[in-house]
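Everything on this sheet refers to the single structure shown next.
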Number of protein chains: 2
Amino acid sequence: MRIGEVARQAGVSVRALRYYEEQDLLQAQRSTGGQRHYPESAVARVRLIQQLFAAGLPSRSVRLVLPCVDSGTAAPGLLDHLEAERARISERITDLAAARDRLDTVIANTRNPPPECTHDPK
Amino acid sequence: MRIGEVARQAGVSVRALRYYEEQDLLQAQRSTGGQRHYPESAVARVRLIQQLFAAGLPSRSVRLVLPCVDSGTAAPGLLDHLEAERARISERITDLAAARDRLDTVIANTRNPPPECTHDPK
DNA sequence: CTAAAACCTGACGCTGGCGTCAGGTGCAAG
DNA sequence: CTTGCACCTGACGCCAGCGTCAGGTTTTAG
């Protein structure tokens with residue numbers, strides 16, 4: 001596949017794919033004319049990269065983590081790093097949940113104003 | 001309280017507090033000499049701001065949301081906005097959970113290599 | 001009264017994940 | 001052969017939430 005098709009299927013921009021290559025996250029064969037050529041599996045890989053980015057991993061970490069996800073296992077030296085990232089993700093989740101609860105309270109209160117909240121100006 | 005104390009208690013930098021003021025997220029009284037003076041409640045407010053930032057809200061949204069959280073209720077016009085933000089947060093949470101699961105798989109596989117993964121070079 | 005903290009206002013820098021030109025090439029169709 | 005779209009390589013732009021330096025003022029400890 002060529003870059004445009006991968007971009008479409010993975011739902012990212014062409015620019016993003018070039019950027020991933022620049023960051024050593026995604027390699028491509030080159031045609032004699034210099035055009036990038038990807039295997040089908042690239043689409044899944046890009047989706048994975050996006051997922052890790054969405055989790056807040058910087059590209060450097062993604063670079064480390066990718067081969068592990070590919071192989072399903074990790075070099076022991078990376079284990080600490082993986083667990084650290086995992087912990088950070090969990091922390092973010094609880095933070096997000098807390099923030100969401102805040103919003104929920106406000107939303108609920110707005111829907112039906114609670115009795116205790118009745119300090120309206122008479 | 002002065003700005004340094006608020007910063008310490010809330011666990012943020014002095015610069016951040018000035019930035020919040022610039023963004024209309026946090027007001028302060030000024031002494032005759034021009035120094036900022038905060039009520040005790042500022043600490044909690046800063047923590048809240050941090051929480052909302054951590055949830056990915058941009059300062060513009062935080063500015064809208066803050067009075068709602070203060071009053072415990074919202075102007076009806078903001079309700080849609082609140083729910084949109086809430087939805088985004090929920091989405092992020094599921095995304096994060098998915099990414100975490102990925103890492104968990106890798107971590108688990110590394111800890112005790114699974115039988116199905118035994119294509120070691122003989 | 002003085003020295004040292006703590007504070008003040010600009011204003012520029014940084015980081016990351018791309019968006020977006022500009023100016024030139026590859027490749028399949030007719 | 002040429003048209004035209006997809007592709008190529010730089011290279012600069014952007015945005016947000018501060019970090020950080022510069023150069024000056026206020027407050028407080030002694």
Side-chain angles (χ1 to χ4, degrees), chain A residues 1-39 42-43 45-66 85 88-89 92 95-96 99, chain B residues 1-39 42-43 45-66 85 88-89 92 95-96 99:
Chain A
M1 303 169 76
R2 292 192 306 173
I3 196 170
E5 187 59 20
V6 176
R8 249 183 306 280
Q9 289 193 28
V12 305
S13 71
V14 166
R15 175 68 173 96
L17 296 182
R18 296 205 187 103
Y19 176 73
Y20 297 165
E21 183 172 325
E22 194 178 312
Q23 300 297 310
D24 281 332
L25 305 180
L26 180 66
Q27 288 71 35
Q29 305 265 24
R30 294 304 186 109
S31 76
T32 55
Q35 301 208 338
R36 290 170 180 86
H37 242 245
Y38 299 88
V43 175
R45 192 178 186 85
V46 170
R47 292 218 176 94
L48 171 57
I49 292 172
Q50 286 282 104
Q51 198 172 22
L52 294 175
F53 275 154
L57 304 202
S59 59
R60 206 153 27 105
S61 292
V62 174
R63 193 181 312 138
L64 291 176
V65 166
L66 272 180
E85 294 291 4
R88 258 186 275 184
I89 293 175
R92 287 230 39 170
D95 287 353
L96 285 172
Chain B
M1 301 169 77
R2 294 193 307 174
I3 196 170
E5 188 58 22
V6 176
R8 249 182 307 279
Q9 289 194 27
V12 303
S13 71
V14 166
R15 176 67 173 94
L17 296 182
R18 296 206 188 102
Y19 176 73
Y20 297 163
E21 183 172 325
E22 194 179 310
Q23 298 297 310
D24 281 331
L25 304 179
L26 179 66
Q27 287 72 35
Q29 306 265 25
R30 295 302 188 110
S31 74
T32 55
Q35 302 209 336
R36 291 170 180 85
H37 243 243
Y38 299 89
V43 175
R45 193 179 187 85
V46 170
R47 292 219 176 95
L48 172 57
I49 292 173
Q50 287 281 102
Q51 198 172 23
L52 293 176
F53 275 153
L57 303 201
S59 58
R60 206 156 21 110
S61 292
V62 174
R63 193 180 313 139
L64 290 176
V65 166
L66 272 180
E85 294 291 3
R88 258 186 277 183
I89 293 174
R92 288 232 37 176
D95 287 353
L96 285 172

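Please read all numbers here as calculations on a predicted model, not as lab measurements. In what follows, chains are A, B, ... by sequence order, proteins preceding strands, each numbered from 1.
With contacts defined as side-chain heavy-atom distances shorter than 4.5 Å, the pair B:V62/B:Y20 does not qualify. Looking at A:R60 and A:L64, their side chains never come closer than 4.5 Å, going by heavy atoms from C-beta outward. For the pair A:L66/A:R45, a side-chain contact is recorded, criterion being any heavy-atom separation below 4.5 Å from C-beta on.
One interatomic measurement links the two molecules: CG of B:L25 to C1' of D:dC18, which rounds to 13 Å at whole-angstrom precision. Going from atom CG of A:L17 over to atom C1' of D:dT9 covers 16 Å, rounded to whole Å. A:E21 has its CD atom 15 Å from the P atom of C:dC18, to the nearest Å. Between A:E22 atom CD and D:dA11 atom P the separation is 12 Å, expressed in whole Å.
With the nearest nucleotide of DNA chain D identified for both A:R2 and B:Q35, A:R2 has the one nearer the 5' end. Closest-nucleotide positions on DNA chain C for B:H37 and A:S31 were compared, and the one nearer the 5' end corresponds to B:H37. Along DNA chain C, the nucleotide closest to A:T32 and the one closest to A:R15 are compared, and the more 5′ of them pairs with A:R15.
Applying the side chain to side chain contact (heavy atoms under 4.5 Å, CB included) test between B:R36 and each of B:R2, B:E21, B:M1 identifies B:E21 as the sole match.
B:R30 has a side-chain polar atom (N or O) that falls below the 4.0 Å cut-off from OP1 or OP2 of C:dT9. Proximity of A:Y19 to the phosphate of C:dG17: a side-chain N or O atom is located under 4.0 Å from OP1 or OP2. Between A:Y20 and C:dG17 there is no side-chain N or O to OP1 or OP2 distance below 4.0 Å. In this structure, A:R36 reaches the D:dT9 phosphate: one of its side-chain N or O atoms is under 4.0 Å from OP1 or OP2.
DNA chain D is contacted by no residue of residues 49-62 of chain A, taking any non-hydrogen atom closer than 4.0 Å. Applying a 4.0 Å cut-off to non-hydrogen atoms, none of the residues of residues 5-14 of chain A approaches DNA chain D.
Shown here for A:V6 and A:A42, the closest heavy-atom pair between the two residues is CG1-CB, 4.4 Å. Listed here is the closest heavy atom pair of B:Y19 and B:S59: OH-OG, 4.5 Å.
Residue B:E22 qualifies as enclosed at atom CD: its count of foreign heavy atoms under 6.0 Å is above 12.
In this structure, the side chain of B:R47 does not engage the main chain of B:G11 through any donor-acceptor pair within 3.5 Å.
If you check distances only, the side chain of B:R18 never reaches the base of C:dT9 with a donor-acceptor pair under 3.5 Å.
Interatomic distance, CG of A:L25 versus CG of A:L48, reported as 10.0 Å (0.5 Å rounding).
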